[in-house]
Amino acid sequence: MALTGNVDPQSQVSAPILQQRSLAYFTDLNPADNRKFIEARVYRKWTTMKVPNLIPTCFSCILLDKKGSAIQANADLKEKERFQHDLQINCVYRIQGFGFEKTDSWGKTLDNDMTLCFGKHTQIDPLKDNDYPYHYFSFAAYNELGGRLEKKNPILTDYIGYIHNVEKVKEYGGATGNKFKLRNIGIRNVNNNVVTFTLWNEKADNFEEDEYLKMTKPVVLAVSSCYLKTYGGQLQLSATSATSYYFNPPIEETAELLAAYRQILQLISYNQDNTAAPQLEVQTERLIDWEQERTRNRVALGTLLQIDPNTQQRVLFTQEVMILQIDNTHEWYYQKCDECGGKLTYGFVHGHCHQYGTQPKPQKSYSFRLVMTDGTGNATMTCFSPQTDGLIKDINTLLEEVADKSPEIIPAQILALENTRHVFQFRFAKPVAKGAPTFILQKVMDHMPSILPASTEGPSSPPVASTYDQSAIHSSPPPATPLASQETPTDVATVTYLPGSSNVRKELFTASIEEEINPEAKKQKTE
DNA sequence: CCCCCCCC
């Protein structure tokens, strides 16, 4: 193994020997030549563990030289503490007194048949020079994964894409077998192919979920040295001991992904303008999967607030938010016309909504407004019944509990929503002349529904389309006679518009358009 | 030296 036998750094001649060695780039290293030293950045380091018993076997690191080549170095566990201390991530060192071994074909991190061996004669000296690359990847494209899968011992896989969704840690197994934790993270490419990246045990726990939530979306994730396999018929990038991952790494691919995303935002603006929409050859995928649906169109509030709401009237967005405040200047409920959904000012009749002689059945609806944040911006959202389901009890139940039923007095039950976290699906409200855009709650997505949207197939409950609430067009069929009052914009009539008839449209936002326009489509897919 | 990467 070690070809450093002739060198004794303890001896008095260590200085002359140091001078005899010469600097080499990784490409110049020769396993039979002991007279080279290297200067390198420590890029990654890890302790290889056996699976599933997690017995540590070896300390390893990946080094980058000035020319951007990468090489792995291994050390016996006996030396682990020393190298953990002497080799700090991202720091640059002169390293000499190493040996060579043939790279193990199992779990190769690099396309490199040579691995360095570090041991007790390895000398490490920090350098000030910082002119070294920060990253080294060899990304596989989505359509290359299948080919890699077939190989017996391929190089571990690097992959990059947008974070599509981040699942919570799940625990499996028990004392009678193996017990472990895992966290799945969906990684989406520009063609909307999603691959699962799985972190295990400590790596699952240590995923910086809070940091991720605070970041402007979309977030690019680069993952390295994953074991590629299939699970449940789906491709899976399974983290290994050697796996590292990076949010928005400063590399070309990140810039490409983010640029592609900006283009998508522009694209949907074109579509909504009724102008000829640039067509991207991307197939429309419906997101039946709850986890995917609740992360669909997960655009940062800070981004949404900069977009012209007029271009996004039929798009459903989702976001994980915290409710900062309930707007106490806004009435928290109103009397809703059971035909048009508009506000019934006290004592007024909607003679235009009901056949003369029939008994109207006005209902009450929530209408409270809240301020929510995702860390990138604060947005105001109005919440109507029944889209408030899952957030707060039924309006009638709550009204029975409150002493003062004035709609100006916000009950404690609503105020209690402040400082709670939720996943909301929402849309832009019809823009008003001035002020920041506001939103309308579409769906509370904190928890997977036990029954699929009952409201979708709800009874004959007519639609609600008040000034603010166009959302109801999603949850109930359009009215037989969509009459427009000053409270009731004409959007109900216009929702029959479907931009383009091509089935190759940009998935990212069109699935929501489809659903809203055609509730039947959604109904079918849930059956 | 060999094995071997956790979930249906």
Side-chain angles (χ1 to χ4, degrees), chain A residues 1-3 31 44-62 72 74-78 80 99-115 117 119 137-138 140 144-159 163-187 194-207 209 221-245 288-292 295 448:
Chain A
M1 168 184 118
L3 299 172
R44 301 172 189 152
K45 57 177 180 176
W46 68 94
T47 302
T48 299
M49 311 263 216
K50 283 198 172 193
V51 169
N53 54 28
L54 309 181
I55 292 172
T57 56
C58 174
F59 172 84
S60 298
C61 61
I62 288 180
Q72 183 175 320
N74 294 340
D76 194 278
L77 277 185
K78 284 181 297 206
K80 177 184 159 177
F100 298 86
E101 67 185 5
K102 197 169 181 333
T103 304
D104 193 344
S105 63
W106 175 259
K108 277 178 84 168
T109 57
L110 303 166
D111 187 8
N112 189 336
D113 288 327
M114 202 161 71
T115 296
C117 300
F137 293 105
S138 180
E144 292 174 328
L145 297 178
R148 284 170 160 260
L149 204 54
E150 288 166 16
K151 289 190 190 166
K152 181 81 177 80
N153 278 319
I155 297 158
L156 294 170
T157 300
D158 296 352
Y159 197 74
I163 293 184
H164 183 68
N165 64 313
V166 176
E167 292 183 11
K168 300 289 177 199
V169 176
K170 289 183 252 186
E171 294 194 48
Y172 285 91
T176 56
N178 290 323
K179 199 156 100 181
F180 54 88
K181 296 189 250 188
L182 72 82
R183 187 201 291 271
N184 288 324
I185 296 165
I187 304 181
V194 178
V195 180
T196 300
F197 168 56
T198 303
L199 291 167
W200 304 95
N201 301 315
E202 275 183 40
K203 278 194 167 89
D205 282 330
N206 294 343
F207 179 82
E209 200 175 0
L221 185 70
V223 302
S224 68
S225 300
C226 295
Y227 177 70
L228 180 66
K229 60 205 266 273
T230 55
Y231 173 73
Q234 304 272 47
L235 285 167
Q236 180 184 31
L237 295 161
S238 179
T240 65
S241 310
T243 293
S244 295
Y245 57 85
I288 300 165
D289 176 57
W290 171 257
E291 202 56 46
Q292 290 184 15
T295 52
M448 187 179 316

| message | Whether the A:Thr103 and A:Asp113 side chains hold a donor-acceptor pair (N or O, under 3.5 Å, no angle test) is what I'd like checked. | response | no
| field | A:Trp106 over B:dC3, stacked by centroid distance under 5.5 Å, angle under 30° | value | no
| message | Hydrogens and angles aside, do A:Ser238 and A:Trp200 bring a side-chain donor and acceptor to less than 3.5 Å of each other? | response | yes
| request: Could you tell me the separation between the CD1 atom of A:Ile55 and the C1' atom of B:dC5, rounded to a whole number of Å? | output: 14 Å
| task | To the nearest Å, give me how far apart CG (A:Leu199) and P (B:dC6) are. | result | 14 Å
| query | For the residue pair A:Phe180 and A:Tyr172, does the interplanar ring angle fall in the parallel (under 30°), tilted (30 to 60°) or perpendicular (over 60°) class? | reply | parallel
| Regarding A:Lys203 and A:Thr243, is there a side-chain donor-to-acceptor distance under 3.5 Å anywhere? | no
| task | Flag the pair A:Thr57 / A:Lys50 as yes when at least one side-chain heavy-atom distance between them is below 4.5 Å, and no otherwise. | result | yes
| Taking atom P of B:dC7 as reference, at what distance in whole Å does atom CD of A:Gln236 sit? | 10 Å
| task | With DNA chain B as reference, determine whether A:Ser241 or A:Gly233 sits nearer its 5' end, using the nearest nucleotide of each. | result | A:Ser241
| said: Using a 4.0 Å heavy-atom cut-off, does A:Phe180 contact any base of the nucleic acid, only the sugar-phosphate backbone, or nothing at all? | reply: base
| query | Just by distance, with hydrogens left out, do A:Asn74 and A:Ser60 show a side-chain donor and acceptor under 3.5 Å apart? | reply | yes
| field | Whole-Å distance separating the CH2 atom of A:Trp200 from the P atom of B:dC6 | value | 6 Å
| message | Is it the case that the side chains of A:Thr48 and A:Ser241 hold a donor-acceptor pair, with the cut-off being a distance below 3.5 Å and no angle test? | response | no
| note | From CD of A:Glu202 across to P of B:dC6 the rounded distance in Å is 18 Å
| request: Could you check how far NZ of A:Lys50 sits from P of B:dC6, rounded to whole Å? | output: 16 Å
| query | In residues 166-175 of chain A, which residues come under 4.0 Å of DNA chain B by heavy atom? | reply | A:Tyr172
| query | Whole Å only: how far is the CG atom of A:Leu228 from the C1' atom of B:dC6? | reply | 16 Å
| said: If stacking means aromatic ring centre less than 5.5 angstrom from the base's six-membered ring centre, planes under 30°, is A:Tyr231 stacked on B:dC7? | reply: yes
| Can you find a side chain N or O atom of A:Lys181 that sits less than 4.0 Å from OP1 or OP2 on B:dC6? | no
| request: Would you mind reading off the distance between A:Leu235 atom CG and B:dC8 atom P, rounded to a whole angstrom? | output: 19 Å
